[in-house]
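The basis for the numbers below is simple: all heavy atoms, side chains too, and nothing from hydrogens, waters or symmetry mates. Here is how names work: the chains are called A, B, and so on, in the same order as the sequence lines, proteins then strands, and each is numbered from 1. Please read all numbers here as calculations on a predicted model, not as lab measurements.
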There are 4 protein chains.
Amino acid sequence: MLNRVILIGRLTKDPELRYTPSGTAVATFTLAVNRNRANQEGEREADFIPVVVWQKQAENCANYIGKGSLVAIDGRLQVRTYDGKDGQRRWVTEVVAENVRFLDKREKGSTLEQIGKEVPFSDDDIPF
Amino acid sequence: MLNRVILIGRLTKDPELRYTPSGTAVATFTLAVNRNRANQEGEREADFIPVVVWQKQAENCANYIGKGSLVAIDGRLQVRTYDGKDGQRRWVTEVVAENVRFLDKREKGSTLEQIGKEVPFSDDDIPF
Amino acid sequence: MLNRVILIGRLTKDPELRYTPSGTAVATFTLAVNRNRANQEGEREADFIPVVVWQKQAENCANYIGKGSLVAIDGRLQVRTYDGKDGQRRWVTEVVAENVRFLDKREKGSTLEQIGKEVPFSDDDIPF
Amino acid sequence: MLNRVILIGRLTKDPELRYTPSGTAVATFTLAVNRNRANQEGEREADFIPVVVWQKQAENCANYIGKGSLVAIDGRLQVRTYDGKDGQRRWVTEVVAENVRFLDKREKGSTLEQIGKEVPFSDDDIPF
DNA sequence: TTTT
DNA sequence: TTTT
């Protein structure tokens, strides 16, 4: 069946990179996705959406983006279940990103710019 | 910012229809979205995703679909926060459906078939 | 960059299956995607969208769906250029399907039903 | 039926703004959407996709974006037919944008920045 | 050249 | 007819 999620938003913090026992990289972060309209107090509302990324893209996220970065996510919705420390079963809904596009302008002379010059020209390998 | 979710799946139960104090219709249901592959035990895995629908579409859902119905959802991801009875703050992630398409074949002579004939020809008003 | 198209519609004809010189299967068909509202004459309008499918999914399409079948497509937009017989350069915009979901109910006792029983349980291999 | 297209890319030229006889604004432009990989010659390939925008969003496009601007489009695929000057019927496939998000960083002190300060805080009214 |  |  079909399950597709597309988001554009900003990281609320730097991504957290971990490795599974078998050595696969996993990055997690939460994405602030602004809604279209401000609320009554004039504050802009946002949805804070948990995102998981796997493998090489996880490492790219850890290396190239951080708190405040603007990204586009293309992935799917996943619902996991886990048992809290209080013994209660809980549900987590998160987006598994199949693709993460980095949308920030790279500053002239930034690390990203430099790195961009040394690596193959591909959105999959390096962000740009 | 962009926030879009597209799902195809089946209702795990009949939709629940409620009204807000101001009279707006809201339907909720959970959608079973099968993943592509079966797990080690040969069982098919699925994600169970909470869906909310508003206004006339909510009433259409309550009237025309039920447990087991196949639907396509086009909407956005929303994260709400609420306080549990234990005083703990919890988060709910759900899909707010902007469009619900009914994908089941209507049986010849079913209520749906009949109704289809009496109402204007529009996916927005009646499902088909 | 991001490029994603999601469609639900019906085939206007049986898919055409071909093979590239190197032996890769390609299926093409056009999808009638109904718009939401009827026009002034009360006729339902539709967009007729060219779709291309590659490899095993191409062969699945040729085997399992035909004129009138209801499918969901998840893919990307592609613009190709070619030279007409009049020497004029022309553009074709088509959807390259990465996933084709078959949404029709299989009739009891149909080939599809039988096949469903003999093959591994996966949306990627057999439609269901 | 479902018909959804989501794109991120750059304008190849400034948008063209026109008005229908009844006074509705329409903007058109073509979006260069880079594919993921470079071709054999090491050049980056792209799809050049025609986009149409209506009403206030059309005027926003004409006012705030131009050649080279990075945007995200959320809309639907449309196939139109027209008769060429040679009397031949032709087909055009284009994306009707329901939402256009402006993704470029506004330069400090730019018109966009200034305007941003004077207008209501909403992605629908002003880009940011 | 179009589907239910 | 194409963008960075």
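At whole-Å resolution of the value, CG in C:Leu70 and P in E:dT3 are 15 Å apart. A:Leu103 has its CG atom 20 Å from the P atom of F:dT3, to the nearest Å. One atom, CZ of B:Arg101, and another, P of E:dT4, lie 19 Å apart when rounded to the nearest Å. D:Asp83 places its CG atom 9 Å from the P atom of E:dT1, with the value rounded to the nearest Å. Rounding to whole angstrom units, CD of residue C:Glu16 and P of E:dT2 are separated by 15 Å. Following rounding to the nearest Å, C:Leu11 (CG) and E:dT4 (P) show an atom-to-atom distance of 10 Å. Distance D:Arg35 CZ to F:dT4 C1': 17 Å, rounded to the nearest Å. Taking atom CD on C:Gln88 and atom C1' on F:dT1, their separation rounds to 13 Å, with Å as the unit.
Checking F:dT1, E:dT3, F:dT4 against the side-chain heavy atoms of D:Asn34 singles out F:dT4 as nearest. The side chain of D:Arg10 lies closest to F:dT3, out of E:dT4, F:dT3, F:dT1. Candidate nucleotides E:dT2, F:dT2, F:dT3 were compared by shortest atom distance to the side chain of D:Trp91, and E:dT2 ranks first.
Residue D:Lys67 is in sugar-phosphate contact alone, with no base atom involved, counting any heavy-atom pair closer than 4.0 Å across all strands shown.
For the residue pair B:Asp74 and B:Ile6, the shortest heavy atom distance occurs at OD1-CG1, 3.7 Å. Residue C:Leu70 comes nearest to C:Asp104 through the heavy atom pair N-OD2, 2.8 Å, listed as atom of the first residue, atom of the second, then distance.
Taking a 6.0 Å sphere around CD of D:Glu98, one finds it holds more than 12 heavy atoms contributed by other residues, nucleotides or ligands.
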Step-by-step side-chain contact (heavy atoms from CB on, under 4.5 Å) determination, C:Leu11 to C:Val71
CA-CA 8 Å; C:Leu11 303 219; C:Val71 300; 4.0 Å; yes

